[in-house]
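The structure under discussion appears below in the form of structure tokens.
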2 protein chains.
Amino acid sequence: MSKIQHRNLYREVADRILDLIEQGELASGDRIPERELCERFGVSRTPLREALKVLASEGSVELLPNRGARVRQLTLKMVKDTYDLMGALEGLAGELACQHITDEEIADIRELHENLLGHYRNRELPDYFQVNRQIHEGILAASHNEALLEMYSNLSQRVKRVRYSKQMTDAFWQQAVEDHEAMIEALKQRDGRRLGQILRDHLSNKLEVASMDDVVDDRQRA
Amino acid sequence: MSKIQHRNLYREVADRILDLIEQGELASGDRIPERELCERFGVSRTPLREALKVLASEGSVELLPNRGARVRQLTLKMVKDTYDLMGALEGLAGELACQHITDEEIADIRELHENLLGHYRNRELPDYFQVNRQIHEGILAASHNEALLEMYSNLSQRVKRVRYSKQMTDAFWQQAVEDHEAMIEALKQRDGRRLGQILRDHLSNKLEVASMDDVVDDRQRA
DNA sequence: GGAATGAATTTTGAATTCATAATAACTTTG
DNA sequence: CAAAGTTATTATGAATTCAAAATTCATTCC
């Protein structure tokens, strides 16, 4: 039996709105129709409006006074800025992880890394992506810094709707795997400075393969 | 004539609650009395509760389902974690600033630095603190990374209620001024890596002089 | 035909109301 | 008198209501 959901209604609504945005049902710049979503979710306007306010403070939604909420437009600059930030946070996470990581956590990550290599050899891209994410989450978690985790997941939520191009070239992929090899090595040696550096650079590669759907160029803002 | 502020009521309320927290009128861990604040601010519960939800997502307030809001307790670990994060962000800001800063911005910061030195020589601590803050804000702004600014100011808001000990020793003070000298030098040479490093270390010094009033040790959590 | 003006409609912002959960106060009983 | 149970009170969560602002639509006038 699943755990009793004592969550707040507004958070539930917020998450469902985020889903709609991620799924693209609410597109970048779209107006968010209060009444319609209320009917759809079967809630009154009160929790829905609370959700919108929280989403605005989280950066996914824009609130125009007396003119409702809309899905925040992502500009190319915003995405780049966000990636810079995430890179810095991953870098810090790497440094902290090397200080605080437990043997158990290190073993878990190494196991994930083995899986990663397997998926790379078999050219199983979706599986590779999933394990890749798990490894990065593992390092973040190993930093044992709650505020860092929170901030990272907020940033990552903001750019979730950016779709990555499927044409991840072999060269990119190989580079990524080499990065991961180096990460594990640095982690093993608990070389925080180095792990931090690798993680920073690693992320900037990821940006290069991002195909910026839904992302508007800075000059043509709505 | 100043621009008409068409701000949302909930944001107004949120800021006033933050003031109460900062002023210590609402202490760490205190329950936040809805009805009382409504009367005090002359608003209904709707905008007040919206404000609380936003403050919760910003990390200043804690929401217990069916049991109201309270001022989030700061543990020593949380403050340390937050300072680590702010250090990383300042470091990134330094790197980015060296890439993007304009000549005008650099001139402004150098002027502030001259003021800082003056206040140091005259032992004007409050003025020194103010100019110090302006310099750091200047570097942050010179990064030209909106998301970074937003995150940093959120973090800084969270730890605003931590009071710094007045007994800033001469040694600390001198070290801080030397750091600032090095910063300006790195900025002038646009040596991002170096400026980043200085900023990171600089902040960790600040933490050492923080006397942790209102901060609860991790073991004795409420 | 098109811009401008002024209702009618819709949408938003905020107060109020209502139902339910939590807390406090009061019995009752051992 | 203390512990357990019961009722009263208060606080919270969410729906509803009401007022103000924005938008739409029709009409007038050039």
Side-chain angles (χ1 to χ4, degrees), chain A residues 2-21 25-73 222, chain B residues 2-21 25-73 222:
Chain A
S2 84
K3 184 159 50 173
I4 296 164
Q5 292 285 65
H6 237 313
R7 302 187 52 209
N8 293 337
L9 185 53
Y10 82 95
R11 190 64 258 183
E12 210 80 41
V13 171
D15 288 342
R16 293 199 53 183
I17 294 174
L18 284 177
D19 285 344
L20 292 182
I21 294 173
E25 193 164 339
L26 288 171
S28 224
D30 271 11
R31 193 155 183 201
I32 298 175
E34 275 188 20
R35 186 161 301 282
E36 196 181 308
L37 289 186
C38 283
E39 287 169 18
R40 181 155 172 182
F41 298 154
V43 300
S44 77
R45 281 176 61 221
T46 306
L48 190 111
R49 288 167 59 74
E50 289 169 346
L52 289 175
K53 267 146 191 120
V54 169
L55 291 178
S57 99
E58 289 175 5
S60 292
V61 154
E62 218 170 10
L63 250 37
L64 311 176
N66 288 318
R67 308 188 59 198
R70 33 198 88 212
V71 179
R72 193 171 177 194
Q73 292 256 18
Chain B
S2 84
K3 184 158 50 173
I4 294 166
Q5 287 290 61
H6 241 311
R7 300 193 40 198
N8 295 77
L9 185 52
Y10 83 96
R11 189 65 257 184
E12 210 80 39
V13 171
D15 288 341
R16 292 199 55 184
I17 294 174
L18 285 177
D19 286 344
L20 293 181
I21 294 174
E25 192 163 339
L26 288 171
S28 226
D30 270 11
R31 195 160 179 183
I32 299 175
E34 275 189 18
R35 186 163 302 281
E36 198 181 308
L37 290 185
C38 284
E39 286 168 19
R40 181 157 173 182
F41 298 155
V43 300
S44 78
R45 281 176 62 221
T46 307
L48 190 112
R49 299 177 96 262
E50 288 169 347
L52 289 175
K53 268 148 191 118
V54 169
L55 291 178
S57 98
E58 287 175 7
S60 293
V61 154
E62 220 169 9
L63 252 35
L64 311 176
N66 288 318
R67 308 188 59 197
R70 35 198 85 212
V71 180
R72 193 171 177 192
Q73 291 255 20

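Just so it is clear: chains get the letters A, B, ... in the order the sequence lines come, proteins before strands, and each one is counted from 1.
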Could you tell me how far apart [X] ([atom1]) and [N] ([atom2]) are, to the nearest whole angstrom?
| X | N | atom1 | atom2 | result |
| --- | --- | --- | --- | --- |
| R35(A) | dG13(C) | CZ | P | 13 Å |
| E34(A) | dT11(C) | CD | P | 10 Å |
| E12(B) | dA14(C) | CD | C1' | 15 Å |
| L37(B) | dA11(D) | CG | C1' | 14 Å |
| R70(B) | dA11(D) | CZ | P | 13 Å |

Sequence-distant partners of [X], salt bridge (Lys or Arg N to Asp or Glu O under 4.0 Å), two or more places apart:
| X | answer |
| --- | --- |
| R11(A) | D15(A), E58(A) |
| R49(B) | E50(A), E34(B) |
| E25(A) | R40(A) |
| D19(A) | none |

Tell me, which of residues 45-56 of chain B have any heavy atom that sits under 4.0 Å from an atom in DNA chain D? R45(B), R49(B)
Can you figure out which of [options] approaches the side chain of [X] most closely?
| X | options | answer |
| --- | --- | --- |
| R31(A) | dT16(C), dT23(C), dT12(C) | dT12(C) |
| N66(B) | dA15(D), dT12(C), dA22(C) | dA22(C) |
| N8(B) | dT23(C), dA15(C), dG13(C) | dG13(C) |

Not counting sequence neighbours, which residues clear side chain to side chain donor-acceptor pair (under 3.5 Å) with S57(B)? List them please. S57(A)
Kindly indicate whether the side chain of I32(A), heavy atoms from C-beta on, has any atom under 4.5 Å from the side chain of L55(A).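 No, their side chains stay 4.5 Å or more apart.
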Check whether any side-chain heavy atom of S28(A) sits under 4.5 Å from a side-chain heavy atom of Q73(A), and report yes or no.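 S28(A) reaches Q73(A) side chain to side chain.
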Respond yes when some side-chain nitrogen or oxygen of R67(B) is under 4.0 Å from OP1 or OP2 of dT23(C), and no when none is.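 Checking dT23(C) against R67(B), a side-chain N or O does come within under 4.0 Å of OP1 or OP2.
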I32(B) or G42(A): which one's nearest nucleotide on DNA chain D is closer to the 5' end?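 Its nearest nucleotide being more 5', the pick is I32(B).
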Nearest non-hydrogen partners of L52(B) and A69(B), listed with the distance: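 Smallest interatomic distance, heavy atoms only, reads CD1-CB, 4.0 Å.
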Would you give the length of the straight line joining atom CZ of R31(B) to atom CG of L26(B), rounded to the nearest 0.5 angstrom?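 Spacing of CZ (R31(B)) from CG (L26(B)) equals 13.0 Å.
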Identify each atom pair where a protein N or O and an N or O of nucleotides 6-8 of chain C are less than 3.5 Å apart, giving names and distance.
none

